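Here the structure is laid out as structure tokens; the discussion comes afterwards.
For clarity, every value in this text was computed on a predicted model and none was experimentally measured. Numbering of residues begins at 1 and proceeds along the displayed sequence.
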Amino acid sequence: MSSTDVRTIHSLEELCVYAYEVSKGAQLLPVLLGGEVSFSLRIMGASWEGKVDKRSAQYILSLQEVFDNLLSEYGIDVTQDKPLVKVCVRNGSFEAVTELTPVLSQLVNKMSDESVLISIVVAIVAASGGFIWSRYQTRKQIIEQEQE
């Protein structure tokens with residue numbers, strides 16, 4: 001198999017671009033992961049004190065559940081050797097860097113047609129953005145209550 005017969009993905013952004021290209025008619029090629037694929041979420045402010053608390057733990061557990069469900073949906077047994085969500089927390093803010101490589105490595109062989117590829121990308125992007133939306137809504141409610 002030559003390098004033109006495979007699509008190498010290095011980031012979540014590249015995976016999204018590839019899904020868009022396929023949806024516009026590009027040929028669906030087997031996917032090869034080129035290193036660690038991850039996404040980052042950064043929360044700054046007074047609420048971050050350098051420790052994982054209930055909110056950040058719930059985020060990690062929610063991500064694990066989303067990815068377990070995604071794997072199960074495509075017939076991948078997650079009861080043994082489950083790809084675990086791993087989050088790196090960096091000092092100075094809550095920057096959760098979530099590695100997607102274990103999940104994607106299980107899913108790349110299931111990307112058999114355009115709809116499967118797009119479904120997988122939408123699920124991953126939704127999972128990565130759900131926490132952001134939830135925090136936005138909570139913060140908005142707090143501000144509205146404070147203004148009353």
Report the residues that fulfil side-chain contact (heavy atoms from CB on, under 4.5 Å) with [X], sequence neighbours left out, ordered by chain and then residue number.
X: Asn69; value: Glu65
X: Ser23; value: Tyr20, Glu114, Ile118
X: Gln106; value: Leu71, Ile76, Pro83
X: Thr101; value: Leu33, Glu36, Val37, Glu99

Distance, nearest 0.5 Å, that separates [atom1] of [X] from [atom2] of [Y]:
X: Ser119; Y: Leu107; atom1: OG; atom2: CG; result: 11.0 Å
X: Leu28; Y: Ser115; atom1: CG; atom2: OG; result: 9.5 Å
X: Gln27; Y: Asp5; atom1: CD; atom2: CG; result: 7.5 Å

Beyond-backbone contact of Leu15 with Leu117, side-chain heavy atoms, under 4.5 angstrom: yes
Taking side chain to side chain donor-acceptor pair (under 3.5 Å) as the test, write out the residues that go with Ser112, two or more places apart. none
With sequence neighbours excluded, residues passing side chain to side chain donor-acceptor pair (under 3.5 Å) with Ser62: Gln58
Pair Arg7, Glu21 - check side-chain contact (heavy atoms from CB on, under 4.5 Å), show working. CA-CA 12 Å; Arg7 180 66 179 253; Glu21 290 170 356; 2.7 Å; yes
Which pair of non-hydrogen atoms, one from [X] and one from [Y], has the smallest distance, and what is that distance?
X: Pro30; Y: Val6; result: O-CG2, 3.1 Å
X: Glu14; Y: His10; result: OE1-N, 2.8 Å
X: Tyr18; Y: Val31; result: CE2-CG2, 3.8 Å

If the condition is salt bridge (charged side-chain N to carboxylate O under 4.0 Å, His left out), which residues does Glu73 pass it with, not counting sequence neighbours? none
